[in-house]
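What follows is a set of notes on a single structure, which appears directly below.
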Amino acid sequence: MNRLDDAFFQRDVLDLAPLLLGKTIVRKFDDSSESRFLITETEAYKGEEDLACHASKGRTPRTEVMYQPGGCLYVYLIYGMYWMLNIVTGEKDNPQAVLIRGLDAVYGPGRLTKKLQIDKSFNGERLQTSERIYLLNNDLKCDYSVAPRVGIDYAGEYWRDVPWRFTLKL
DNA sequence: TGCACGATCTCG
DNA sequence: GAGATCGTGCAT
């Protein structure tokens, strides 16, 4: 199994979000133990025109990381208590990201960051070179289903209903 | 300087 | 069904 590199992540978010399903996420902890999970649910957030994407506010200190070349993490706090884990995708200056919503045995984006001990210090971390978090290509072929994204009712009729949530079929 | 609100989850 | 809890963006 090889570590997924920058080139893998630097494709369009709508291509990458389903491709991430079934990939292995590895988290190495300070005590040198490690956890491995399969990614089972993702959501795509695509560019400044996507009203559900934080980059729709434009380039700000918060969204800056989404403008970096694909392959780094975008981590932010929601509801004052949960960290959300996103993988930045696409080319430089093209703000896109995939929200990791679920892993095998860990359901919910807020729960998985707690389990993996992900916090703000991971914002901007590059998956190709990080010592503590990376993804492996396990060549798992899998089918998936699509649905509208969760928790973005404010984004307006069109963006609210776009089927950009991808779930691994068991 | 203040305020409303959110890519969530838990408990009752 | 409501509360926890705080960074962010936008209004003042």
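Letters A, B, ... are given to chains in the order of the sequence lines, protein chains preceding strands, and every chain is numbered from 1.
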Task: Any Tyr82(A) side-chain nitrogen or oxygen under 4.0 Å from OP1 or OP2 of dA7(B) - done: no
Task: Heavy-atom closest pair, residues Leu99(A) and Pro109(A) - done: CD1-CB, 4.5 Å
Task: Nearest listed nucleotide, side chain of Arg111(A), among dT8(B), dG7(C), dT10(B) - done: dT10(B)
Task: Arg59(A) CZ to dT8(C) C1', straight-line distance once rounded to whole Å - done: 18 Å
Task: Contact under 4.0 Å: His54(A) side-chain N or O vs dT8(C) OP1/OP2 - done: no
Task: Rounded interatomic separation in angstrom, taking NZ from Lys57(A) and P from dA11(C) - done: 10 Å
Open item on the list: Pairing donors with acceptors under 3.5 angstrom, does anything connect the side chains of Ser130(A) and Glu125(A)?
Closed with: yes
TODO: Using atom CG of Leu77(A) as one end and atom C1' of dC9(B) as the other, report the distance to the nearest whole Å.
DONE: 13 Å
Open item on the list: Any heavy-atom pair between the side chains of Asp104(A) and Ile39(A) that's under 4.5 Å?
Closed with: no
Task: Distance in angstrom units between Leu73(A) CG and dA7(B) C1', rounded - done: 16 Å
Task: Close side-chain approach of Leu103(A) and Ile25(A), heavy atoms under 4.5 Å - done: yes
TODO: Just call it for Met81(A): base, sugar-phosphate, or nothing, with non-hydrogen atoms closer than 4.0 Å on any strand.
DONE: base
TODO: Scan Arg62(A) against the nucleic acid and name what it touches under 4.0 Å (heavy atoms): base, sugar-phosphate only, or nothing.
DONE: sugar-phosphate
Open item on the list: So for Tyr76(A) and dA7(B), does any side-chain atom that can act as donor or acceptor lie under 3.5 Å from a complementary atom in the base?
Closed with: yes
- [ ] Scan every strand shown for a Watson-Crick or G-U wobble partner of dT5(C), both distances under 3.5 Å, and answer none if you come up empty.
- [x] none
TODO: Check every strand shown and say whether Gly80(A) touches a base, only sugar-phosphate, or nothing at a heavy-atom separation below 4.0 Å.
DONE: base
Open item on the list: Within the supplied structure, the quantity of interest is the number of heavy atoms (other residues, nucleotides, ligands) at a distance under 6.0 Å from Glu131(A) CD; does it exceed 12?
Closed with: no
Task: Rounded distance (Å) that lies between atom P of dA2(C) and atom OH of Tyr79(A) - done: 15 Å
TODO: Could you state the atom-to-atom distance from OH of Tyr45(A) to C1' of dG6(B) in whole Å?
DONE: 11 Å
TODO: Tell me what Lys114(A) touches on the nucleic acid: a base, only sugar-phosphate, or nothing, going by heavy atoms under 4.0 Å.
DONE: nothing
Open item on the list: From C-beta outward on Leu99(A), which listed nucleotide comes closest to its side chain: dA7(B), dG7(C), dC9(B)?
Closed with: dA7(B)
- [ ] Both distances under 3.5 Å, Watson-Crick or G-U wobble: report the partner of dA7(B), or none.
- [x] none
TODO: Return the value, rounded to whole Å, for the distance between atom CD of Glu48(A) and atom P of dG9(C).
DONE: 13 Å
- [ ] For Asp153(A) and dC5(B), give me the distance from atom CG to atom P, rounded to whole Å.
- [x] 14 Å
TODO: With the side chain of Ile78(A) defined as its heavy atoms from C-beta on, choose the nearest nucleotide among dA7(B), dG9(C), dG7(C).
DONE: dA7(B)
